[in-house]
Amino acid sequence: MNEKTTNVLIVGVGGQGVVLASNILCAVVVEAGYDVKKSEIHGMSQRGGVVTSDIRFGPEVLSPLIAKGTVDVMMAFEAAEALRFAHEVREGGKLMSSLTKLAPPKGPTRKGQIEYPENPLEQAKEFCKGTIIPIDTDTIARELGNMRLANTILLGGLSAGLDIDETIWTDMIRKMVPPKTIDKNLAAFARGREVVSLAEA
Amino acid sequence: MSEKQENRLLLYGNDAIAHGAREAGCYFAVAYPGTPSSEILPAFAQFPGVFAKWSPNEKVAVEVGIGSSLTGTRTLVTMKHVGVNVAMDPLMTFTYSGVRGGFVLVSADDPEMHSSQNEQDNRCIAKFAKMPVFDPSNSQDAHDFTKIAFELSEQFNTPVMLRETTRIAHAQTMVTLGEWEEPVQGEHFVRDTSRFVMMPNFARPRHAFAEQRSLDLQDWSNEWDGNRLELKSKKIGIITSGIAYNYVRELLPDASYLKIGMPWPFPDKKAKEICDYCDRVLIVEELEPFLEEEAKILGLPVEGKKFVPREGELNLDRVAASLAKAGLLDEVPEAREGAPVIPRPPVLCAGCPHRGIYMALKKVNADVYGDIGCYTLAALPPLETLHTCFCMGASIGNTIGTSLTESDHKRPQVAVIGDGTFYHSGITGLLDAVTSGVNMTVVIVDNSITAMTGGQENPGTGTDLMGNTVPAVKLEEIVTALGVKKLTVSDTYDFDTTLAQLREAIEYEGTSVVIARRPCALFPKKKKTNPFVVLEDVCNGCGACFRIGCPAIADSGKRTGKGLAIAEIDPAACTGCELCVQVCPVDAIIPQGKREEVNA
């Protein structure tokens, strides 16, 4: 069991399932016997805003918020959001990101307006002190025959970045997804886990 | 590490408060929704045998709660920090009278103003009103303090405030729950004129009572283990409360602490004790120097806001910087800057019923005095059609004031207020407008739900929190009863008619009302998609559809012959409200199905 507090940051865009994923992570770390705190800002998530969730776990956690630049593991559900928060990852930390791009709606470009980044994960290298691990969720989900498996793929990736027994994760997935979809979700989880494990090897 | 227990759960502060109330045998809860307090009431309403209801505003909620307490029923009342301002009138006098059933008021403060118009610190209000206040540091505290608050309320005959902040309300931390009590209804109201009729002769002795009670409560505050001394280092002591405790304890694990769970009445003896024990004592608290002033009144040698910011919420970084400034931590290196990334500001939803009326208000170039709700977002580009926003219900009064005093009357004077906000505190304003004969227009944007805070029921909904069907009060009937002679109801998806109706209302001499009506796109049920498409070869790039601020409409990246941006519509977001169709001068926007027919 890890004696230090682990800082996990999950980011994405309203409607992507960031809060649900952070709930599953919390359930897993509680099951593993850790103290945990989680903080997120509600309110604008349904109106297309940025959604972030700070999760901290360890033997005893005090602050529910992560200090700047001290994220151990970051999971981005959207590539531009990976770039926005890349600087929060500590040296030696990991930034795992979906390749999914969701450009915010906008009218024709005004003067001085920032554009949606061409290649967010490439740009993120300049800001991230840790390792960047891209996960091609769309391709994997397509191979598995269901685009809705994207989040389970990302959870698999996240699990590979954390030192928690894999069976706790798979038990939790069995409990939390509709019974008919258990096999597909477990397959998606395994694929996500594999991508990150291979990238780290 | 403890074994996994059945009664140990990861809970939001708001859920923990609901559980604490249940364990105290609380039967009745009443509230007006407001971020970050809104989840407490629905969580409480789930428990068996309890009753919970929304009131039209916080003042009514507190008055309903007082009535419930007077029957001997344990009562929970919840609201956001600014809601307490609305409820101050009954509160300031109820603290003289005292309770029968335990009365706990939850004030959910919002340091950093994540979703509020100010960041007032309601510990100050508690002191001003002479009511004890708890300040939890995590969900376990929120749960435990709520339970104790009910006991304390009855023991000392006083309403009690539980003041939480956004990072308590909306953070999840582990909680060990206790046994829960069967909720108990009080038997009946007991007459006690000298206590419950606060006319001068009866109120004077009650003021004296309240002063003595504060002294007695201070003794309790000094005894109570929730005001906890953790004496370690003799060099440095920290006095702190609420969320701030977590940050400073993490950064200075070896310091001595006075962790204050009840900021007022201030545990003066414990504060003296830590000051005697330590060479130097620093107070770390969010927002106002509340504890600092209490300590300084006692003449204690403490420091605080000299180093700790008074604005915004604290976090590890801000507290670390404060401690460095005080010479207690090494200078923290400046945090790395992040990449500039395209912002994602909140916008009115695709299919939002408010859009059409704002398009019309923009067209007539009205000065729009606004109010609190989703429709406040119209202040931002591209609509930019809302010009004030102060507090709930302010729109109508503001418009009366401008209309009566403008000497050079340039533009139409219009108040915009939502249905929930109109029920909350718009009615008296409209009464003033009518009876003062003011030449102005009030637009009630009626989406038939309290949307901004998550879709709570309101007096127009026809259902209540417990799932019962209840009488719905029609806005038209209220408006007519208030004496408004010029009333129009418009369908905001029909732009031309809405615009004509608005013009007519503005031209009317006297107070006119437009009820701009359409159900919310999100609540109670998210509107289904019904996508329209842009015909690229027809679009002339005029940009009219961009200017309505719909998040489903974007620049396709393609250009017309003249180099103008051609629009595209996101089929996963478009609800088919057709407002863009109505502003398109070249009929380039048609239903997706229709294009497929043409192509087939």
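Throughout, a chain's letter reflects where its sequence line sits, starting with A, and its residues are numbered from 1.
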Original post:
Considering residues, nucleotides and ligands other than A/N119, do more than 12 of their heavy atoms fall under 6.0 Å from its CG?
Top reply: yes
Original post:
Does some side-chain heavy atom of A/V36 sit less than 4.5 Å from a side-chain heavy atom of B/L10?
Top reply: yes
Original post:
Does any heavy atom of chain A fall under 4.5 Å from the side chain of B/E337, the backbone, both, or neither of them?
Top reply: backbone
**OP:** For residues A/P64 and B/Y247, report the shortest heavy-atom separation together with the two atoms involved.
**Re:** CD-CE2, 4.0 Å
Subject >> Region of B/I566 that comes under 4.5 Å of a non-hydrogen atom in chain A >> reply: neither
Original post:
Does any heavy atom of chain B fall under 4.5 Å from the side chain of A/A103, the backbone, both, or neither of them?
Top reply: backbone
**OP:** Could you check if a side-chain atom of A/K38 sits within less than 4.5 angstrom of a side-chain atom of B/H170, using non-hydrogen atoms only?
**Re:** no
Original post:
Roughly how far, to the nearest 0.5 Å, is CZ of A/R56 from CG of B/N246?
Top reply: 9.5 Å
Original post:
Which atoms of A/V29 come close to chain B, meaning under 4.5 Å heavy atom to heavy atom: side chain ones, backbone ones, both, or neither?
Top reply: neither
Original post:
Which atoms of B/T166 come close to chain A, meaning under 4.5 Å heavy atom to heavy atom: side chain ones, backbone ones, both, or neither?
Top reply: side chain
Original post:
So which heavy atom on A/S39 is nearest to which on B/R167, and how close?
Top reply: OG-NH1, 2.9 Å
Original post:
Tell me, do A/N23 and B/Q172 make a side-chain contact under 4.5 Å, heavy atoms counted?
Top reply: yes
Subject >> Rounded distance (nearest 0.5 Å) linking atom CD1 of A/I66 with atom CG of B/D317 >> reply: 11.0 Å
Original post:
Can you check whether A/E40 reaches B/Y12 side chain to side chain, under 4.5 Å on heavy atoms?
Top reply: yes
Original post:
Less than 4.5 Å apart, any side-chain heavy atom of A/E60 and any of B/R249?
Top reply: yes
Subject >> A/S63 side chain near B/L251 side chain, heavy-atom distance below 4.5 Å >> reply: no
Original post:
Would you say the side chain of A/K37 lies within less than 4.5 Å of the side chain of B/N138, judging by non-hydrogen atoms?
Top reply: yes
**OP:** Take B/R336 and A/K129 through the side chain to side chain contact (heavy atoms under 4.5 Å, CB included) test and state the conclusion after the steps.
**Re:** CA-CA 10 Å; B/R336 269 172 298 149; A/K129 286 201 174 171; 2.9 Å; yes
Original post:
Taking the side chain as C-beta and beyond, is there a heavy-atom pair between A/R84 and B/R344 under 4.5 Å?
Top reply: yes
Original post:
Looking only at heavy atoms, what is the nearest atom pair of B/L314 and A/L65, with distance?
Top reply: O-CD1, 4.4 Å
